[in-house]
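Numbers here are sequence positions counted from 1.
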Amino acid sequence: MKNIILKYSTVALLALALLSMPSCKMEYTDPARPPLEQVFNTPAGLTGVCVGLQRTYSYSRASNLYNIVTTTGLVTRELRLLNAGNLPEDQLSKGGISVDGTNTMLLGLWTTSNKIIFDADNVIANAPKISDQGYAAGLIAYASLFKALSLGAMSMYWQYIPDGIGVNVNFVTREDGFRKAIQVVDNALAALAANPPPSNFFSSIPPGLDILNALQAVKARYSLFIGDYANAISAANAVDLTKKSTFNFAAATPNPIFEIHGSGFNVCQPIDSTMGLPPSLAPSLSDKRVPFYMKLSTSPASRWQMTGFATASETPFPIYLPGEVVLIRAEALARQSDPDGALAELNKVVTKTNDIYGVNAALPAIAGPLTPEELLNEIYRNRCIELYMSGLKMEDMRRFNRPDAEMSRKFMPYPFRERDNNSNTPDDPLF
């Protein structure tokens, strides 16, 4: 118990450091923290930093998890805002020129992602110095997962992302951002293959996270995003769909989607049972994924209330869903002119009744043959339903060339704080 208290006390100190980080120009150090040579030269110090990465990414309204799910939900019409007094959410709901560099949610996502990348880089660079190379490999893999997720998050929202942390860093394209994330994952997978982590590593980190399967799923996701279909399929095939990989929460550290949205009617709730899809793509009335993700409400503020992964304060939030992995294979096959293979994969999701999280459509199989356009439309429809409130729909809408009218913005403006501190910051996108 003493070790657990010490571990999570370390996490709390690490999380506090985030509050003073204004832009990626800054050096992410805090005089109140132990000297870096102590933190990054011991297994305990490195583990504390890694646990801090997970907390920073997934806990509270300032987290990447909250900002990604909510930003995408509002921009793509999955969610509706109930109270315009929530100013950053209100900007995103209105979209267009209402979203500018003052938006604190976008600033938070930008700053937090850079903070995670900075600390992850320090773990990855220093872990090989410890004597237990298996434990070091576990640390590298853990830190790499959150670095990859943060690179991917920035690449989903901005057309260009910083090519590192420092003063006046250059920017690279979002496609290169995804490639950097995939390279980080590949290096982590190689480390795990060379030196499998010992059991005491897994007992030292929070429960719920299956690092190996999460790395493969993230690699499959980002490979799909850049059109590397062979690697997307290969990585998807390596994911064990019987294993969960989740951010776990407790009463003292609640699920932020439940805490801010699911527990009341002051910020956001589902727009309705269409999940924000146009009539031609809206879920079937018999699709059981709709009642998984939402329920009818008695509140006058909203007819619908979110459930699913925002049901309670301790509801775990998945890093990926088995359905996403299967739909990655379906889309990759469809885009490689294998309609039969793609439809077979798609129907695994459509007919699913045994999902490990309970995300089951339980619908009849889609009969073929379908035209290429019909097939991609069905894949898009099922991604939107299966992966509702996952934070992935904005990227999907661009990839499937959905009309601008279905979203409030296509890419995000750069935070003013970044622009003020980095002369290389690109021009903002028009929409």
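- Going from atom OG1 of T42 over to atom CD1 of I130 covers 8.5 Å, rounded to the nearest 0.5 Å.
- A salt bridge links R174 to E395: at least one charged side-chain nitrogen sits closer than 4.0 Å to a carboxylate oxygen.
- Using a 30° and 60° split on the angle between ring planes, F201 and Y135 fall in the perpendicular class, above 60°.
- Scanning both residues, N103 and P88, for their nearest heavy atoms gives ND2-O, 3.0 Å.
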Under the side-chain contact (heavy atoms from CB on, under 4.5 Å) criterion, do M154 and N114 qualify, and how do the steps go? CA-CA 9 Å; M154 298 176 75; N114 279 289; 3.5 Å; yes
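- With T70 as reference, E89 is the one residue of E89, R61, E78 to meet the side-chain contact (heavy atoms from CB on, under 4.5 Å) rule.
- At distances below 3.5 Å, at least one donor-acceptor pair connects side-chain atoms of N67 with backbone N or O atoms of S63.
- Here the shortest heavy-atom pairing between P426 and R419 reads O-NH2, 2.8 Å.
- Side chain of T72 to backbone of V69: no donor-acceptor contact under 3.5 angstrom is found.
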Dump the intermediate steps for salt bridge (Lys or Arg N to Asp or Glu O under 4.0 Å) on K244 and D210, then the final yes or no. CA-CA 7 Å; K244 293 183 177 182; D210 186 313; over 6 Å; no
Show the numbers, then the answer: is there a side-chain contact (heavy atoms from CB on, under 4.5 Å) between L74 and L81? CA-CA 7 Å; L74 289 169; L81 185 65; 4.3 Å; yes
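- With a 4.5 Å cut-off on side-chain heavy atoms, N255 and E259 do not count as touching.
- Looking at F317, F309, Y57 one by one, the single match for ring pair (Phe, Tyr, Trp, His ring centres under 6.0 Å) with F247 turns out to be Y57.
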Starting from the C-alpha separation in whole Å, work towards a yes-or-no answer on side chain to side chain donor-acceptor pair (under 3.5 Å) for N231 and D228. CA-CA 6 Å; N231 274 322; D228 185 353; 2.8 Å; yes
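- When side chains are defined from C-beta on, P283 counts as touching M275, because their heavy atoms get closer than 4.5 Å.
- No side-chain donor-acceptor contact under 3.5 Å links K348 to the backbone of V326.
- A distance-only check finds no donor-acceptor pair linking the side chain of N195 to the backbone of A137 [under 3.5 Å].
- Heavy atoms from other residues, nucleotides or ligands lying under 6.0 Å from CD of E374 number more than 12.
- Taking every heavy atom of both residues into account, L392 and M156 meet most closely at CD2-SD, 4.1 Å.
- With rounding to the nearest 0.5 Å, the separation of CG in D427 from CD in Q159 is 10.0 Å.
- Of the possible donor and acceptor atoms, one in the side chain of Q133 sits under 3.5 Å from a partner among the backbone N and O of P128.
- Between F171 and Y160, a ring centre-to-centre spacing not shorter than 6.0 Å is recorded.
- Under a 3.5 Å cut-off, the side chain of K393 and the backbone N or O of T76 do form a donor-acceptor pair.
- A salt bridge is defined here as a Lys NZ or Arg NE, NH1 or NH2 lying under 4.0 Å from an Asp or Glu carboxylate O, and K410 with D404 meets this definition.
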For N187 and S144: C-alpha separation, side-chain torsions, deciding distance, then whether side chain to side chain donor-acceptor pair (under 3.5 Å) applies. CA-CA 8 Å; N187 290 340; S144 294; over 6 Å; no
What do the steps show when you test E386 against N382 for side chain to side chain donor-acceptor pair (under 3.5 Å), and what is the final call? CA-CA 6 Å; E386 185 85 5; N382 279 278; over 6 Å; no
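- Rounding to the nearest 0.5 angstrom, the gap separating the CZ atom in F249 from the CD atom in E314 is 11.0 Å.
- L192 is listed as a side-chain neighbour of L212, based on a closest heavy-atom distance under 4.5 Å.
- By the 4.0 Å N-to-carboxylate-O rule, E331 lies close enough to R335 to be salt-bridged with it.
- Using a distance-only test at 3.5 Å, with no hydrogens or angles considered, no donor-acceptor pair links the side chain of R329 to the main chain of I233.
- Of the possible donor and acceptor atoms, none in the side chain of D338 sits under 3.5 Å from a partner among the backbone N and O of A334.
- When ring centroids are compared, Y357 and F292 stay outside the 6.0 Å threshold.
- Considering only heavy atoms from C-beta on, I68 comes within 4.5 Å of Y157 through its side chain.
- Side-chain rings of Y59 and Y66 stay apart, their centers remaining 6.0 Å or farther from each other.
- No donor-acceptor distance shorter than 3.5 angstrom exists from the side chain of E378 to the backbone of L346, with no hydrogens or angles considered.
- Atoms CD and OG, from Q305 and S263 in turn, are 9.0 Å apart once rounded to the nearest 0.5 Å.
- Considering every non-hydrogen atom in both N347 and I366, the closest pair reads OD1-N, 2.7 Å.
- Ion pair E324/R221 flagged as a salt bridge, since at least one NZ, NE, NH1 or NH2 atom sits closer than 4.0 Å to an Asp/Glu carboxylate oxygen.
- Side-chain contact between P198 and D132 is present, with heavy atoms from C-beta onward closer than 4.5 Å.
- Nearest heavy-atom pair, T47 versus S204, reported as atom, atom and distance to 0.1 Å: CG2-O, 3.7 Å.
- Going from atom OG of S150 over to atom CZ of F118 covers 14.0 Å, rounded to the nearest 0.5 Å.
- There is a side-chain donor-acceptor pair under 3.5 Å between N64 and S113.
- From D396, atom CG reaches atom CG of N401 across 12.0 Å, with rounding to the nearest 0.5 Å.
- At least one donor-acceptor pair under 3.5 Å links the side chain of N213 to the backbone N or O of D240.
- For D176 and K180, the salt-bridge test fails: no basic side-chain N is under 4.0 Å from an acidic carboxylate O.
- The nearest pair of heavy atoms linking V51 to Y142 is CA-OH, 3.9 Å.
- A 4.5 Å side-chain heavy-atom check between V185 and Q216 finds every atom pair outside the cut-off.
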From CA spacing to verdict: side-chain contact (heavy atoms from CB on, under 4.5 Å), N168, N421: CA-CA 7 Å; N168 274 342; N421 287 286; over 6 Å; no
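- Counting heavy atoms from C-beta outward, K288 and L363 have side chains that stay 4.5 Å or more apart.
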Might you work through the side-chain contact (heavy atoms from CB on, under 4.5 Å) test for M306 and Q269, ending with a clear yes or no? CA-CA 6 Å; M306 62 182 67; Q269 287 295 341; 3.6 Å; yes
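- In this pair, Y380 and F400 present their aromatic rings tilted. The plane angle is within the 30 to 60° band.
- Under the 30°/60° scheme for interplanar angles, the aromatic rings of W110 and Y414 are found to stand perpendicular.
- Two residues are said to be in side-chain contact when any heavy atoms from C-beta on lie closer than 4.5 Å; S408 and V75 meet this criterion.
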